[in-house]
Amino acid sequence: QAILSAAAGSIGGAIIRQQTEVALQASELQFRAIFEYSSIGIGLTDLTGKQIDGNPALCHMLGYSREELLTMHFSEYTHPDDIATDVELFQSLVRGQRDRYEMEKQYLRKDGNGVWGRLSLSLVRDSAARPQFVIALVEDITAHKQAENHLRDSKEAAEAGSRAKSEFLATMSHELRTPLNAIIGYSEMLQEDAIDCGYEDTIPDLQKIQSAGKHLLGLINDILDLSKIEAGKMDLFLE
């Protein structure tokens, strides 16, 4: 009976091991399928940052073959502007100060062109919680960054145009208001002289000149106020 129990236990253990191996193989096949066919770049590095593997999407993004990537450290295809930050975060990950981090960074392709990526890096540990390797997910966001930069440039150009328009209107209003004020002032003075000299019949014409001048001055002031509102420089006073 003891022999039978031992045999049954041995068979049961073998079945469990076989089932575990089958499950592991299935899990590995699933991961390999995700790794190979993902549209997002996936890279594996050791704890020093040297490339262990890279999927086709990452190779396409960087312009390197898989064989070439396996000879490189991640800093070799990172833009100089982002190396210091990326290395510092990577080292904090390896030291166990964090389990993952994300950042937007610039990469350098093999052909020398730049490409933007959204990087998500995670530390992989074994069953004893010992660090084993680092997995990186990289999404190509170059088109998004280009659109963002174009929008920013367009906004800056529009703001520059608005400032130029405001400055032009301010200058023109000053150039126009000076002679208009003179015309209005002289028309008032001529009306007084007309009364003193007995030329009352000219007063209606002088009043028309004065009225037209004041109307035109009011229009110029309104245009200037609108330009100030557009530029955000209008001061409001509550009484």
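Everything numeric here is computed off the predicted structure, so don't read it as measured data. Both backbone and side-chain heavy atoms feed into the values below; hydrogens, waters and symmetry mates do not.
Atom CD1 of I83 is separated from atom NE2 of H73 by 10.0 Å, given to the nearest 0.5 angstrom. Here E102 contributes atom CD and E139 contributes atom CD; the two are 10.5 Å apart, rounded to the nearest 0.5 Å. A distance of 10.5 Å separates CE of M189 from CG of L206, quoted to the nearest 0.5 Å. Note that CG of L123 and CZ of R95 are 12.5 Å apart. Values are rounded to the nearest 0.5 Å. Note that the CG atom of L119 and the CZ atom of F90 stand 10.5 Å from one another [nearest 0.5 Å]. Of the inter-residue distances, the one linking N113 atom CG with L62 atom CG reads 12.0 Å to the nearest 0.5 angstrom.
Residues P131 and V94 form no side-chain contact, since every pair of their non-hydrogen atoms from C-beta on lies 4.5 Å or further apart. Using a 4.5 Å cut-off on side-chain heavy atoms (C-beta onward), P80 and L108 make contact. Two residues are said to be in side-chain contact when any heavy atoms from C-beta on lie closer than 4.5 Å; Q91 and Q97 fail this criterion.
Checked by atom type and distance alone, the side chain of R66 pairs as donor or acceptor with a backbone atom of G54 at under 3.5 Å. Of the possible polar contacts, none joining the D193 side chain to the E188 backbone as a donor-acceptor pair under 3.5 Å is found. Side chain of D82 to backbone of Q106: a donor-acceptor contact under 3.5 angstrom is found. Side chain of N55 to main chain of I42: a donor-acceptor pair is present (N/O by atom type, distance under 3.5 Å, no hydrogens or angles). No donor-acceptor pair closer than 3.5 Å links the side chain of H215 to the backbone N or O of Q210. Checking side-chain atoms of Q51 against main-chain N and O of G49 turns up no donor-acceptor pair under 3.5 Å. Remark: side-chain polar atoms of T71 are paired, donor with acceptor, to backbone N or O of E68 under 3.5 angstrom. A donor-acceptor pair is defined here as one N or O able to donate and one able to accept, closer than 3.5 Å; no such pair exists between the side chain of R130 and the backbone of R125.
Taking hydrophobic clusters as Ile, Leu, Val, Met, Phe, Trp and Tyr residues chained together by side-chain heavy-atom distances below 4.5 Å, L137 does not share a cluster with V115. The cluster map of Ile, Leu, Val, Met, Phe, Trp and Tyr, joined by side-chain heavy atoms under 4.5 Å apart, puts Y107 and V134 in the same cluster. Put simply, W116 and Y77 are part of two different groups of oily side chains (I, L, V, M, F, W, Y) that touch within less than 4.5 Å, one to the next. L89 and F74 fall within a single hydrophobic cluster, where Ile, Leu, Val, Met, Phe, Trp and Tyr are joined by side-chain heavy atoms under 4.5 Å apart, directly or via other members. The cluster map of Ile, Leu, Val, Met, Phe, Trp and Tyr, joined by side-chain heavy atoms under 4.5 Å apart, puts L121 and L47 in the same cluster.
Shown here is E88, whose CD atom has no more than 12 heavy atoms of other residues, nucleotides or ligands within 6.0 Å. Remark: K50 NZ is packed, more than 12 non-hydrogen atoms of other residues, nucleotides or ligands lying under 6.0 Å away. Atom NE2 of H60 is surrounded by 12 or fewer heavy atoms from other residues, nucleotides or ligands within 6.0 Å.
Counting all heavy atoms, side chain and backbone alike, S65 lies closest to C59 at C-SG, 4.0 Å. Between I52 and T45 the shortest heavy-atom distance is CD1-C, 3.4 Å. Of all the heavy atoms in R100 and S120, the pair that sits closest is NH2-OG, 2.8 Å. Counting all heavy atoms, side chain and backbone alike, I209 lies closest to S187 at CG2-CB, 4.3 Å.
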Can you check side chain to side chain contact (heavy atoms under 4.5 Å, CB included) on V138 and L58, steps first, answer last?
CA-CA 7 Å; V138 186; L58 183 64; 4.3 Å; yes
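Side-chain N/O atoms of Y101 and D86 include a donor and acceptor closer than 3.5 Å. With no hydrogens or angles considered, a side-chain donor-acceptor pair links T78 and K105 at under 3.5 Å.
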